[in-house]
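Here is the structure we will look at, set down as structure tokens.
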2 protein chains.
Amino acid sequence: MDNQSAPEIGGRELLSDRIRDALTDAIASGDLAAGTALDEQHLAERYGASRTPVREALRQLATAGLVEIRPRRGVVVARLTPERIADMFEVTAEIEALCARLATHRMTPLERGRLMDLHEASAAAVETGDLDAYDRLNRAFHEALYAGTHNAFMAEQALALRERLAAFRRTQLRHGDRIRRSREEHGEILAAVAEGDGEAAARRMRAHMLRAAAALGRYIAETGAG
Amino acid sequence: MDNQSAPEIGGRELLSDRIRDALTDAIASGDLAAGTALDEQHLAERYGASRTPVREALRQLATAGLVEIRPRRGVVVARLTPERIADMFEVTAEIEALCARLATHRMTPLERGRLMDLHEASAAAVETGDLDAYDRLNRAFHEALYAGTHNAFMAEQALALRERLAAFRRTQLRHGDRIRRSREEHGEILAAVAEGDGEAAARRMRAHMLRAAAALGRYIAETGAG
DNA sequence: GTCGGCCGTTCCGTATACAGATTGGTCGAA
DNA sequence: TTCGACCAATCTGTATACGGAACGGCCGAC
């Protein structure tokens, strides 16, 4: 086994969380192929820890759907086929569309104003090509819509789903003029929200997410990851 | 139930899962009030186990949203206010509506036939007043729609959400003629599915779920649980 | 009298130890 | 040769031990 990917998990946060993140990356990047059996002891010595935090990390990954735990029979990496990833993105698109529709009808003027501010601020990031800045504003835009549903549980679910797909979306914006297109689509969504047309906001958000997923899908197809 | 002193949890499955179930019941039933601090050692001796399975159970409850874990600061029972439960039911209603819409467009004739069979079979359960039988068929009806989306991830999410609310829905069907009404609503949903009108199916499913939630909400308000 | 720092206790996060279950292989019998 | 049972190795599930961080109380200073 080629240990090219050094564990290298230094930091101050919880050890189990660091192991979880490391394993998440390893699975999302394809270093750990689908169906691979994960031995707790082996992982423990690989990451320089004991079995206890490794177990906690694996449990978290199981609830995230990245691994599968058969009681007393070990842990295996879940089969993240292109179809499954596509399924996940479809669910995300629908959830985001749902949030957009609800938020359109429920946001306060103050919240709508903040959404517009975020959109305005993102213009500069697009012009300067600041990917990290746009990523933050992009995230803030979507999270503002989550919060705009005035349904805390909905917002949590949407955010959790977004986090879950973050590993696969990492390189999405790096391609072509996806950033500019992304912001344009945000503008169209925002217009529908401003007009109070929830259905249109939902449709445009769904299309927005599916286009982003398609861009990522092409990337995955090229690299053969998964 | 005499859960006054020692909740005896006997069985052959995993100890951590049994503790998780016991804690889930305790929280859903209100035995553990919102905001209660949960001490691992105390829970361990209470359930006659060590801290390890207790920890695993608490982690599972955290991902289920029933408790909140602050690193190095302990675990507290999440605040399941009526508002929060209402939020959860709204999300469930929207997800179910989404599944109904997608399933309408994607189910095969065979799957549609099975859905109709399930609906037909439930008639007998309604007539005889067999609550358990109707509960199974009701569950099967909804799960058939999940599967009908042909999106495995969507089906898993919907099922997980349903499981998560099961603790609060336990007594829902026991009230009045909710069973008969429930089956009638299923019939209306089924009609929309058969006609291929996904939007109507979604609307009717949303209304169906919200009516069930309202019935439960009245029950909760009466008993003061939560 | 009130505020701030010090210290002890408690509890969490992690490490290690032990027991039961599962899996794979090997040996023997038909 | 093939099938079945037994056995050993290994890994998971659980228990226990240890170190450090956080919270509460006490004492001293202003």
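Here is how names work: the chains are called A, B, and so on, in the same order as the sequence lines, proteins then strands, and each is numbered from 1. Just so it is clear, the structure is predicted and the values come from calculations on it, not from any experiment. Just so you know, these numbers use all the heavy atoms, side chains as well, and skip hydrogens, waters and symmetry mates.
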For [X], check side-chain contact (heavy atoms from CB on, under 4.5 Å) against everything at least two apart and list the hits.
| X | answer |
| --- | --- |
| B/A124 | none |
| B/S50 | B/T52, B/P53 |
| B/A147 | none |
| A/R112 | A/M107, A/P109, A/V193 |

task: Residues of residues 50-64 of chain A with any non-hydrogen atom less than 4.0 angstrom from an atom of DNA chain C: list those, numerically ordered, please.
output: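 Those residues whose heavy atoms fall under 4.0 Å from DNA chain C, taken from residues 50-64 of chain A in numerical order, are A/S50, A/R51, A/T52, A/P53.
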
query: Contacts to DNA chain C from residues 37-45 of chain B, heavy-atom cutoff under 4.0 Å, which residues?
result: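 Contacting residues: B/L38, B/D39, B/E40, B/Q41.
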
- prompt: Which residues satisfy the salt bridge (Lys or Arg N to Asp or Glu O under 4.0 Å) test with B/D21, sequence neighbours excluded?
  reply: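 Here no residue qualifies.
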
Set of side chain to side chain donor-acceptor pair (under 3.5 Å) partners for A/H150, sequence neighbours left out: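 A/H150 satisfies side chain to side chain donor-acceptor pair (under 3.5 Å) with A/E111 once adjacent residues are dropped.
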
Set of side chain to side chain donor-acceptor pair (under 3.5 Å) partners for B/Q41, sequence neighbours left out: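 By the side chain to side chain donor-acceptor pair (under 3.5 Å) rule, B/Q41 matches no residue at all.
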
Pairwise N/O distances under 3.5 Å, protein to nucleotides 22-25 of chain D:
unit_1 : atom_1 : unit_2 : atom_2 : d
D/dC23 : OP1    : B/R73  : NE     : 2.6
D/dC23 : OP1    : B/R73  : NH2    : 3.1

- request: Apply ring pair (Phe, Tyr, Trp, His ring centres under 6.0 Å) to A/Y146 and list each qualifying residue two or more places apart in sequence or on a separate chain.
  value: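 Testing A/Y146 for ring pair (Phe, Tyr, Trp, His ring centres under 6.0 Å), a comparison that skips the adjacent residues, returns none.
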
message: B/H142: which residues meet the ring pair (Phe, Tyr, Trp, His ring centres under 6.0 Å) condition with it, sequence neighbours left out?
response: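 Applying ring pair (Phe, Tyr, Trp, His ring centres under 6.0 Å) to B/H142 gives B/H186, B/H208.
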
query: Only one of B/I69, B/L58, B/L61, B/V76 clears side-chain contact (heavy atoms from CB on, under 4.5 Å) with B/L38; which?
result: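 In the set B/I69, B/L58, B/L61, B/V76, the residue that makes a side-chain contact (heavy atoms from CB on, under 4.5 Å) with B/L38 is B/L58.
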
message: Without decimals, in angstroms, what is the distance between A/R70 CZ and D/dC11 P?
response: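 Computing the A/R70:CZ to D/dC11:P distance gives 14 Å.
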
